[in-house]
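Have a look at the structure below, then the notes.
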Amino acid sequence: MKVRTRFAPSPTGYMHIGNLRTALYEYLIAKANDGDFILRIEDTDQKRYVEGATEIIYNTLKTVGMNWDEGPDKGGNYGPYIQSERKSLYAEYAHKLVELGGAHYCFCSKNEADEEKNEELNIKFKDPCKLIPLEEAKKRVAAGEPYVIRQTVNKKGKSKYHDEVYGDIEIDYDELDEGVLLKSDGFPTYNFANVVDDHLMQITHVVRGNEYISSTPKYNLIYEDFGWEHPHYVHVPQVMKDAQHKLSKRNGDASFQDLVAKGYLPEAILNYIALLGWNPGTEQEIFSLEELTKVFSIERLNRSPAIFDITKLTWMNGCYIRALSAEKFHQLALPYYRDMPAYVNLEALSQTLQPRIETLKDIETQTDFIKAVPDYSVDLYFNKKMKTDADIARQNLPAIKEALETQSEWTNQALFDYLKALAEKLGVKNGQILYPLRIALSGKETTPGGATEIAVILGKEETLRRIEAAIAKLG
RNA sequence: GGUCCCAUCGUCUAAUGGUUAGGACACCACCCUUUCACGGUGGUAAUAUGGGUUCGAAUCCCGUUGGGAUCACCA
């Protein structure tokens, strides 16, 4: 049988990291087995619907290259792929389930149902409405009385099922709530819609967060009552913010969109989250999506929760940035150059920046001195190792300026050789020329690249102007 | 609270009865060097705890502790 997995997000806002990881595992399970990856939008809760959220889902999946084989925009043999468009289908199946004895009509208000429960005595909600004879219940429904359809749990003993990650799970039927399957507004709850859809769409592997482990027996009951076979279950551990809290939208934790905005590359984010809860069994850590589909296996999925570590993602992002071609990096950097003065040599800037940044956003802080030299203290000219200080700078800067004025080949290598020769001629150390020059050009203790690289970035004219300004400042 | 799940360096993880408990990030040191970074070398650092089983336990079993999930007309 062909493997079919589905990503079934609800359009309630941006895409968070845990969600994207689940989608990734679903995609990989499908693609590692030559199967289909299906996108289904679960919008049965109209109160939580957020405008534009569906587009975010599409864009995110496209950005990372996880292409779906069937979905709302793409069609397929099992549509529609938006649950709100399948509304009548659920009602049909819910009523059928009532006939089969797996569910019943309930006329309780929400409050009444809540009161029935007794948490201290640990009594699960067992709906009194299930005692209403079916014929009578149908009459009340026909008469227009508001109702919901609740699952009926009559079984006793232990429910057992196998999970591909967690192994055999055993839960007592008494632990199962008789939850609402079809709401009074006619929409199904997740508990019902996911079963009906997964069956109808012939999903073979259900991948979801492990918070569903304990409610899975309820779903299995529905599969049984319909006489359907249940899919393979792949429950995956949570992605945590720290040891106590999971990553969540409500806390405003970083979403995929946020990370991209912070200068992380989609490929790096995807690579990093693949490794949160899964490992290849080798020491390789850098994987493209393509490579992942080749080495992924369910068996190597982990059972314990994983903390999202932005530091390691940052390192990995740096790896991806360094691996970029010079042209590609320049393209990605361009938006960050928007306010650069005209004299700046952008290609040279990119070249200098690429090995030095870990996120694209670093460009902003690394290049702040380019627009204007900050107001710095002349103490900056002091460097013990380079044997320089303000006096040395005062002494050498005019000579550097004079030398550079006649220099025509304005490349890093040429400038470096030239200034090295100058140092020799003056009988001073290289550092006594280069260090003061770098400070004069940047006004910063640390800069991307050395004196000559900065000179190339600034161009000859601006370089000379800045040296002049520095000489004036030193007095 | 009931039930279920989880437990190896700070973090992500490897080791599926026999390893000096391995790798990666981070951190520290050194090297390279025109500052910074990249790169290279080395280092600090873990089997939560108590019992079993076994010649031998991170690994299997039981208890304890700690953490998480779930108990919605949310998904």
Presence of donor-acceptor pair under 3.5 Å, side chain of [X] and base of [N]:
{"X": "Lys312(A)", "N": "A26(B)", "result": "no"}
{"X": "Arg356(A)", "N": "C38(B)", "result": "no"}
{"X": "Ser184(A)", "N": "C73(B)", "result": "yes"}

Among His232(A), His235(A), His230(A), which residue satisfies the ring pair (Phe, Tyr, Trp, His ring centres under 6.0 Å) criterion with His205(A)? His232(A)
Take a 6.0 Å sphere around CD of Glu164(A) and say whether it holds more than 12 heavy atoms from other residues, nucleotides or ligands. yes
Searching all strands shown, indicate the nucleotide that pairs with U64(B) (Watson-Crick or G-U wobble; both distances under 3.5 Å). A48(B)
For A24(B), give its Watson-Crick or G-U wobble partner with both distances under 3.5 Å, or none. U11(B)
Expressed in whole Å, how much space separates the [atom1] atoms belonging to [N] and [M]?
{"N": "C60(B)", "M": "U16(B)", "atom1": "P", "value": "11 Å"}
{"N": "U44(B)", "M": "G22(B)", "atom1": "P", "value": "11 Å"}
{"N": "C62(B)", "M": "A7(B)", "atom1": "P", "value": "14 Å"}
{"N": "C74(B)", "M": "G67(B)", "atom1": "P", "value": "32 Å"}
{"N": "A75(B)", "M": "C36(B)", "atom1": "C1'", "value": "48 Å"}
{"N": "A58(B)", "M": "G18(B)", "atom1": "P", "value": "10 Å"}

With the threshold set at 4.0 Å, does a side-chain nitrogen-carboxylate oxygen contact exist between Asp368(A) and Lys444(A)? yes
For this output row, return yes or no: ring centroids of Tyr190(A) and Tyr212(A) closer than 6.0 angstrom. yes
Centroid-centroid under 6.0 Å between Tyr58(A) and Trp68(A) rings: yes
Let's see if you can work this out: which of C25(B), C6(B), U3(B) has an atom nearest to the side-chain heavy atoms of Trp315(A)? C25(B)
Considering only heavy side-chain atoms of Ile213(A), the closest of U11(B), C4(B), C12(B) is C4(B)
Can you pull every protein N or O that's under 3.5 Å from an N or O on nucleotides 67-70 of chain B?
{"residue": "G67(B)", "atom": "O2'", "partner": "Ala243(A)", "partner atom": "O", "Å": "3.3"}

Reckon Arg438(A) has a side-chain N or O less than 4.0 Å from the OP1 or OP2 of C36(B)? no
According to a strict under-4.0 Å criterion, is Lys444(A) in side-chain N/O contact with OP1 or OP2 of C36(B)? no
Anything under 30° is parallel, anything over 60° is perpendicular, the rest tilted; go ahead and classify Tyr337(A) against His330(A). tilted
So CZ of Arg40(A) and OG of Ser10(A): to nearest 0.5 Å the spacing works out to 11.0 Å
